[in-house]
Amino acid sequence: MLSITNFRGGYYKGASIFDCISLDLRDHAITSIVGSNGAGKSTILRGVCGLLPWHAGEVQFDGERIDGLAPHEIARRGVRMVVEGRGTFSGLSVLENLNIGGYRLSAAHRKGRVERELVRFPRLRERLSQTAGMLSGGEQQMLAIARAMMADPRILILDEPSQGLAPIIVDQLFDLFPKLARDGTQILLVEQDVGRGLEVSQHAIVIEKGRIKLEGSSADLLEDPRVQEAFLGLN
Ligand SMILES: Nc1ncnc2c1ncn2[C@@H]1O[C@H](COP(=O)(O)OP(=O)(O)OP(=O)(O)O)[C@@H](O)[C@H]1O
Ligand SMILES: [Mg+2]
């Protein structure tokens with residue numbers, strides 16, 4: 001269970017990019033962070049993963065404070081992020097990328113997990129020995145998610161997963177998210193297609209200039225005229 005309280009952070013001390021961010025993932029399978037370009041969404045995600053030079057406030061995970069821990073310690077507790085623009089090892093094969101995601105597992109266990117991810121992402125099976133850099137954008141995104149899932153994370157943080165992908169691939173990805181959540185991985189999602197992000201999530205916050213402007217159930221926010229006007233091109 002991840003909760004963020006009065007979280008504040010940025011790239012330089014004294015110049016916070018976000019402030020007073022509180023968010024509780026509770027029992028929500030999928031939680032969305034919505035905001036326009038430059039609002040601070042990616043920076044918040046980096047902060048949660050321990051990747052910001054400075055921050056204040058608290059991030060708790062399973063009753064333990066994780067803010068201040070090194071990124072690999074946060075990852076080891078089960079919080080994994082797939083970054084904007086993906087982040088696979090382009091010179092390594094698909095299989096090698098997956099194995100890296102499960103590097104802490106025994107060989108037998110790792111093999112089982114690779115098989116599970118190949119069932120989830122059949123396209124990757126056909127590409128198993130190709131280098132990641134040779135994959136299409138959508139395949140790379142699938143690989144990045146599959147690699148993160150190799151560790152069976154409790155929380156999967158996704159920054160703009162649909163970026164640059166063909167609509168049919170986006171459909172496949174968004175069909176997958178509730179399934180991952182049902183299998184026990186909560187998702188914290190930043191999605192440029194706000195309507196889609198809200199449809200797949202149960203709870204959401206809307207960020208403006210680094211602060212929470214609105215918070216509520218995703219269904220309510222989808223109906224909120226302020227959200228419709230700012231993000232959905234309605235009204
Ligand atoms: N590495 C960095 N160093 C300094 N400032 C940064 C850095 N990355 C982002 N920023 C600044 O932080 C602010 C928030 O950026 P951030 O990337 O978090 O926005 P975002 O909401 O994710 O936007 P987008 O929707 O475009 O991805 C912006 O003003 C940006 O210029
Ligand atoms: Mg961003």
Side-chain angles (χ1 to χ4, degrees), residues 2 4-23 25 30-59 66-68 70-72 74-75 79-88 137-138 140-142 144-145 147-148 153 155-165 167 169-170 173-174 177 186-201 203-216 218 221-222 224 226-234:
L2 186 86
I4 301 168
T5 311
N6 281 330
F7 199 32
R8 179 178 186 202
Y11 301 94
Y12 311 100
K13 201 163 170 60
S16 52
I17 298 288
F18 60 85
D19 196 4
C20 292
I21 300 294
S22 295
L23 177 64
L25 266 55
I30 307 180
T31 301
S32 278
I33 300 180
V34 169
S36 43
N37 294 130
K41 306 177 298 292
S42 297
T43 308
I44 294 169
L45 300 184
R46 283 182 205 127
V48 171
C49 295
L51 293 167
L52 280 189
W54 87 271
H55 52 79
E58 280 191 23
V59 182
I66 59 167
D67 54 277
H72 70 274
I74 294 173
V79 180
R80 290 280 160 127
M81 174 153 75
V82 175
V83 297
E84 214 173 346
R86 290 151 209 139
T88 52
Q140 285 186 37
Q141 182 64 273
M142 289 174 193
I145 295 174
R147 194 182 65 189
I155 311 267
L156 180 66
I157 298 180
L158 299 171
D159 196 358
E160 314 246 2
S162 77
Q163 201 177 41
L165 303 187
I169 307 288
V170 177
L173 268 183
F174 274 76
F177 296 157
Q186 282 181 291
I187 295 177
L188 179 58
L189 174 71
V190 168
E191 171 51 44
Q192 58 184 344
D193 181 341
V194 171
R196 191 139 212 175
L198 289 176
E199 273 163 18
V200 81
S201 59
H203 191 77
I205 55 174
V206 178
I207 304 288
E208 199 176 278
K209 295 191 183 114
R211 287 176 176 259
I212 295 181
K213 178 96 182 299
L214 297 168
E215 169 160 24
S218 302
L221 288 176
L222 262 175
D224 190 303
R226 292 164 291 185
V227 173
Q228 294 189 341
E229 191 178 344
F231 301 107
L232 302 176
L234 301 174

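Whatever order the structure lists them in is the order used to number ligands and atoms, beginning at 1.
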re atom 5 (N) of ligand 1, the protein heavy-atom contact at minimum distance is Tyr11 CD1, 3.3 Å

**Message:** As a test of the contact definition, would atom 18 (O) of ligand 1 count as having a protein heavy-atom neighbour under 4.0 Å?
**Reply:** yes

To atom 22 (O) of ligand 1, the nearest of Gly40, Ser42, Ser36 on a heavy-atom basis is Ser42

The atoms of ligand 1 lying under 4.0 Å from a heavy atom of Glu160, numbered in the order shown, are 25 (O), 27 (O)

dist Leu156:CG -> Arg80:CZ (nearest 0.5 Å) comes out at 10.0 Å

Quiz item: Do any N/O/S atoms of Ser42 come under 2.8 Å of the Mg ion (ligand 2)?
Solution: yes

Any donor-acceptor N or O pair under 3.5 Å, side chains Glu191, Ser162: yes

Nearest non-hydrogen protein atom to atom 16 (P) of ligand 1, with distance, is Thr43 OG1, 3.5 Å

among protein heavy atoms, the one nearest atom 27 (O) of ligand 1 is Glu84 OE2, 3.0 Å

Ranked by distance from atom 26 (O) of ligand 1, the top protein heavy atom is Asn37 ND2, 3.1 Å

Legend entry - Polar contact flag for Lys41 and ligand 1 (N/O pairs, less than 3.5 Å): yes

| said: If the contact criterion is a heavy-atom separation under 4.0 Å, does Gly10 count as touching ligand 1? | reply: no

One should read off an interatomic distance between Ile207 CD1 and Ile44 CD1, to the nearest 0.5 angstrom, of 4.0 Å

re atom 12 (O) of ligand 1, the protein heavy-atom contact at minimum distance is Ile17 CD1, 3.3 Å

among protein heavy atoms, the one nearest atom 29 (O) of ligand 1 is Gly38 O, 4.3 Å

*Mark the output for Gln192 as yes if a heavy-atom distance to ligand 1 is under 4.0 Å, and as no if none is.*
no

